[in-house]
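See below for the structure under consideration.
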2 protein chains.
Amino acid sequence: MNTWQSVRAYVLDRIRSREWPPGELIPTEQELAAGLGCARATVNRALRELADIGIIERRRKVGTRVATTLARRTVLDMPAIRTEIEDMGAIYAYALAGFSVEAPTEAAAHALQLSAGDETVAIKAIYCADDLPHCFETVWLNARVLPPLKREDLERKSAHEWLADRVTLTHGHFSIMADRAGAEDARHLKIEEGTPVLAIERTNWADTTPLSFARQLYPPQHRLMSGD
Amino acid sequence: MNTWQSVRAYVLDRIRSREWPPGELIPTEQELAAGLGCARATVNRALRELADIGIIERRRKVGTRVATTLARRTVLDMPAIRTEIEDMGAIYAYALAGFSVEAPTEAAAHALQLSAGDETVAIKAIYCADDLPHCFETVWLNARVLPPLKREDLERKSAHEWLADRVTLTHGHFSIMADRAGAEDARHLKIEEGTPVLAIERTNWADTTPLSFARQLYPPQHRLMSGD
DNA sequence: CAGTGGTCTAGACCACTCC
DNA sequence: GAGTGGTCTAGACCACTGG
């Protein structure tokens with residue numbers, strides 16, 4: 001069989017065995033297709049997949065080279081928190097912990113492209129998995145461009161779910177860092193103040209407008225995993 | 001023009017405008033191809049890209065549905081540290097901080113599939129960007145399956161570079177977490193003990209054998225970024 | 001200018017899965 | 001069984017880029 005997967009396996013094999021060492025040009029698509037007895041499109045599909053994850057580098061006119069660096073691109077799954085908890089087989093629980101109209105923090109203002117005088121809705125919430133704190137989140141919504149919402153709207157479902165019911169987000173941006181739990185963070189996560197926490201900040205966009213900025217804090221044992 | 005990118009843009013547009021709301025079936029590939037006047041393969045390519053990042057969900061016989069969750073898959077770039085520093089426009093510096101043959105830690109033994117009695121080579125190194133500590137790393141090498149190495153081999157280049165010169169790694173696995181800097185970590189990163197640090201653990205494999213396990217610690221201001 | 005990858009086409013067959 | 005996506009083919013033209 002000459003599936004694109006088998007072509008990919010063939011190429012990976014040559015690379016692993018160092019028959020095609022790092023930095024070296026590998027045969028052209030035409031040569032591979034002829035050698036393997038399949039269509040060039042099939043070879044192209046296989047090589048494109050490998051180029052996507054950084055195993056090889058392709059340039060027109062030059063050819064395809066085995067990547068020299070250890071750099072790799074991996075796919076990182078960023079599930080909705082509800083999904084994340086339910087996929088663990090745990091019971092999902094959500095509780096609203098704060099709701100106020102206020103000036104954004106500096107980071108939130110920057111992410112939402114607002115000036116200091118603008119107003120945002122700041123929403124705090126705690127997510128639990130089997131009654132254990134899983135994530136403490138603060139969401140700032142861009143009040144200018146979103147329909148009005150009341151505290152009651154968020155008693156049962158999260159700000160993200162409320163948002164997803166009303167608009168379709170087109171893209172986002174993440175930033176992952178380590179931080180020290182503040183007093184409020186520690187109280188909600190039931191950990192000691194000053195404990196290291198994993199912080200994920202996400203900005204959600206619809207077209208050219210940033211709609212929400214979320215800062216999610218995870219307790220120390222939390223791990224973000226990915227493989228390739 | 002009917003490029004696959006234009007088909008993707010067309011579909012994204014319908015989703016953003018909620019003409020095709022979340023959870024809804026969108027037209028079949030055949031219908032889209034006929035409607036847009038292009039080949040089904042072109043539509044397939046466009047829809048596959050969208051499915052890859054979680055915008056739509058596809059199932060045979062059923063059709064293609066607009067994803068309902070906020071879940072997204074994003075591509076995370078995990079560059080080699082040298083590349084990461086040089087891409088910032090900073091001067092890369094590497095210094096070996098420790099070299100010993102010893103029993104692996106529990107995490108390292110697990111990642112390398114070794115038992116407690118096995119030996120590993122443990123290598124500690126500090127990477128600097130413009131003379132500022134950028135990353136403190138400990139690498140455990142699976143001594144059983146790797147060519148012997150001496151301390152001198154690592155005076156000028158990192159364990160990863162040494163490894164890449166000898167074998168071709170096929171895949172890896174990451175785990176990202178927040179941790180508290182220990183005394184040794186703090187000394188090398190020039191921060192206070194107990195400061196939160198971002199920890200990235202990576203296992204590197206060649207085929208079915210884990211070859212190395214690395215634990216990289218980054219100072220608090222470090223951010224891992226990704227967008228979609 | 002020529003060589004390489006990037007893409008499109010029209011048609012075909014297969015794989016999965018709901019009915 | 002029938003409808004949908006998944007893939008392969010053979011051929012074609014285009015886009016980029018090195019010489």
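Both backbone and side-chain heavy atoms feed into the values below; hydrogens, waters and symmetry mates do not. First the proteins, then the strands, lettered A, B, ... as listed; each starts at 1. Worth saying up front: this structure is predicted, and the values here are computed from it rather than measured.
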### Task
Could you check B:Gly63 against A:Val62 and say which one's nearest nucleotide on DNA chain D is further toward the 5' end?
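The residue whose closest nucleotide sits nearer the 5' end is B:Gly63.
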### Query
Taking the nucleotide of DNA chain D with the closest heavy atom to each, which residue, B:Thr64 or A:Cys38, is nearer the 5' end?
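It is B:Thr64, whose closest nucleotide lies nearer the 5' terminus.
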### Message
Using 30° and 60° as the class boundaries, would you call the ring planes of A:His222 and A:His134 parallel, tilted or perpendicular?
### Response
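Ring orientation of A:His222 relative to A:His134: perpendicular.
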Taking atom [atom1] as the centre, does [X] end up with more than 12 heavy-atom neighbours from other residues, nucleotides or ligands that are less than 6.0 angstrom away?
| X | atom1 | result |
| --- | --- | --- |
| B:Met88 | CE | yes |
| B:Leu132 | CG | yes |
| A:Arg151 | CZ | yes |

Rounded off to whole Å, could you give me the [atom1]-to-[atom2] distance for the [X] and [N] pair?
| X | N | atom1 | atom2 | answer |
| --- | --- | --- | --- | --- |
| A:Arg58 | D:dC16 | CZ | C1' | 14 Å |
| A:Arg60 | D:dC16 | CZ | C1' | 5 Å |
| B:Glu31 | D:dT4 | CD | P | 7 Å |

May I ask you to say what [X] touches in the nucleic acid, namely base, sugar-phosphate or nothing, with a heavy-atom cut-off under 4.0 Å?
| X | value |
| --- | --- |
| B:Asn2 | sugar-phosphate |
| B:Glu57 | nothing |
| A:Arg40 | base |

### Task
Using the heavy-atom set of chain A and a strict 4.0 Å cut-off, write down the first and last nucleotide of DNA chain C that makes it in, 5' to 3'.
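So the contact region on DNA chain C extends C:dA2 to C:dT7.
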### Message
Is it the case that the side chains of B:Thr168 and A:Arg18 hold a donor-acceptor pair, with the cut-off being a distance below 3.5 Å and no angle test?
### Response
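Yes.
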### Message
Regarding A:Thr138 and A:Arg215, do their side chains bring together a donor and an acceptor under 3.5 Å, going by distance alone?
### Response
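The answer is no; no qualifying pair exists.
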